[in-house]
Amino acid sequence: MKQNNSYEIQFSGLRQGLHDFQWKIDKLLFEAFNNNHFDDVKLNCSLNLEKKERLMNLYFTIEGQIKTICDRCGEQLVLPLSLENKLIVRFAEENDFTDDEVVFLANNEHRLELGQFIYEFVMTGLPLRLVHDDGECDPSVDEFLEEEIKEETETNETMTDPRWEELKKIKNND
């Protein structure tokens with residue numbers, strides 16, 4: 001990943017309590033992670049940070065839209081996105097215990113880079129298949145797919161496993 005300091009929080013000077021941060025997320029964040037699958041990205045990320053003595057609770061809200069290509073018809077697809085995620089940051093002597101929901105930082109750390117977390121929140125918030133809603137795909141592609149499914153169904157119906165015929169003969173002899 002290319003270094004991107006625009007999603008960095010300098011928390012050492014913050015007093016205990018609530019703090020708000022805002023970012024506009026564009027295509028550059030995804031390109032920093034070598035992800036070029038999106039034509040356009042317009043997301044807003046709000047972070048509500050609750051700083052306590054030995055930990056910080058980070059509440060992310062990400063909203064907006066991503067333009068990409070439909071997996072079914074190949075036409076432009078606009079995906080609305082609305083996500084909420086939480087991350088806990090704890091301070092400890094050792095900082096190699098990090099998992100999906102808790103990040104451990106050494107006591108001498110004074111800033112936190114959030115670009116990786118924001119990227120992961122967006123990527124895991126996307127549907128597995130990036131497709132238009134039913135009826136919104138290119139009609140010619142829908143027709144082609146329907147014909148293919150119909151032909152495949154007809155082929156499967158006409159093909160009978162010869163073992164079934166032998167079993168039917170045995171059943172009829174009883």
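We use all heavy atoms of the structure for the numbers below, so side chains are in, but hydrogens, waters and symmetry mates are not. These numbers come from a predicted model, not from an experiment.
Taking the six-membered ring where the residue is Trp, H19 and F21 present tilted rings, their angle falling between 30° and 60°.
E113 has its side chain out of reach of I118: every pair of non-hydrogen atoms, C-beta onward, lies at least 4.5 Å apart. With a 4.5 Å cut-off on side-chain heavy atoms, E31 and N36 count as touching. In this structure, H132 and C73 have side chains that are in contact, with non-hydrogen atoms separated by less than 4.5 Å. Residues K52 and M56 form no side-chain contact, since every pair of their non-hydrogen atoms from C-beta on lies 4.5 Å or further apart. Using a 4.5 Å heavy-atom cutoff, the side chains of I62 and N44 are not in contact. Using a 4.5 Å cut-off on side-chain heavy atoms (C-beta onward), E53 and Q16 make contact. Using a 4.5 Å heavy-atom threshold, the side chains of T124 and L83 count as separate. L79 has its side chain within reach of L126: a pair of non-hydrogen atoms, C-beta onward, lies under 4.5 Å apart.
For the side-chain contact (heavy atoms from CB on, under 4.5 Å) criterion with L58, the lone passing option out of I88, N85, L112 is L112. Only one option out of Y7, Y59, F60 pairs with F121 in a ring pair (Phe, Tyr, Trp, His ring centres under 6.0 Å); it is F60.
Remark: L114 CG to C45 SG distance equals 8.0 Å, nearest 0.5 Å. Taking CG of L29 as the start and CZ of F38 as the end, the distance is 10.5 Å to the nearest 0.5 Å. The NZ atom of K27 sits 10.0 Å away from the CG atom of N35 when rounded to the nearest 0.5 Å.
Scanning both residues, R90 and L55, for their nearest heavy atoms gives NH1-CD2, 3.6 Å. Taking all atoms of both residues into account, the shortest heavy-atom contact from N57 to K86 is OD1-CE, 3.9 Å. Residues Q65 and V78 share a closest heavy-atom pair of OE1-CG1, 3.4 Å. Residues K51 and S12 approach most closely at NZ-O, 3.9 Å, considering heavy atoms.
Under the 4.5 Å side-chain contact rule for hydrophobic residues, L43 and F33 share a cluster. In the hydrophobic cluster analysis, where Ile, Leu, Val, Met, Phe, Trp and Tyr join through side-chain heavy atoms closer than 4.5 angstrom, W23 is grouped together with L14. Criterion: ILVMFWY side-chain heavy atoms under 4.5 Å apart, direct or through other members. Under it, I25 and M123 are part of a common hydrophobic cluster.
Taking a cutoff of 4.0 Å between a charged side-chain nitrogen and a carboxylate oxygen, D40 and K42 qualify as a salt bridge.
With hydrogens and angles ignored, the 3.5 Å screen pairs no side-chain donor or acceptor of D71 with any backbone N or O of R129.
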Apply side-chain contact (heavy atoms from CB on, under 4.5 Å) to the pair I69 and L77, showing each step before the final yes or no.
CA-CA 5 Å; I69 300 297; L77 169 67; over 6 Å; no
For a side-chain contact (heavy atoms from CB on, under 4.5 Å) check, start with the C-alpha distance between I9 and H110, then their side-chain angles and the critical distance, and finish with the verdict.
CA-CA 9 Å; I9 293 180; H110 58 278; over 6 Å; no
Carefully, step by step, assess N48 and L18 under the rule side-chain contact (heavy atoms from CB on, under 4.5 Å).
CA-CA 7 Å; N48 184 277; L18 296 176; 3.6 Å; yes
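Ring-centre distance between F91 and F11: below the 6.0 Å cut-off.
A side-chain donor from one of S46 and Q22 sits under 3.5 Å from a side-chain acceptor of the other.
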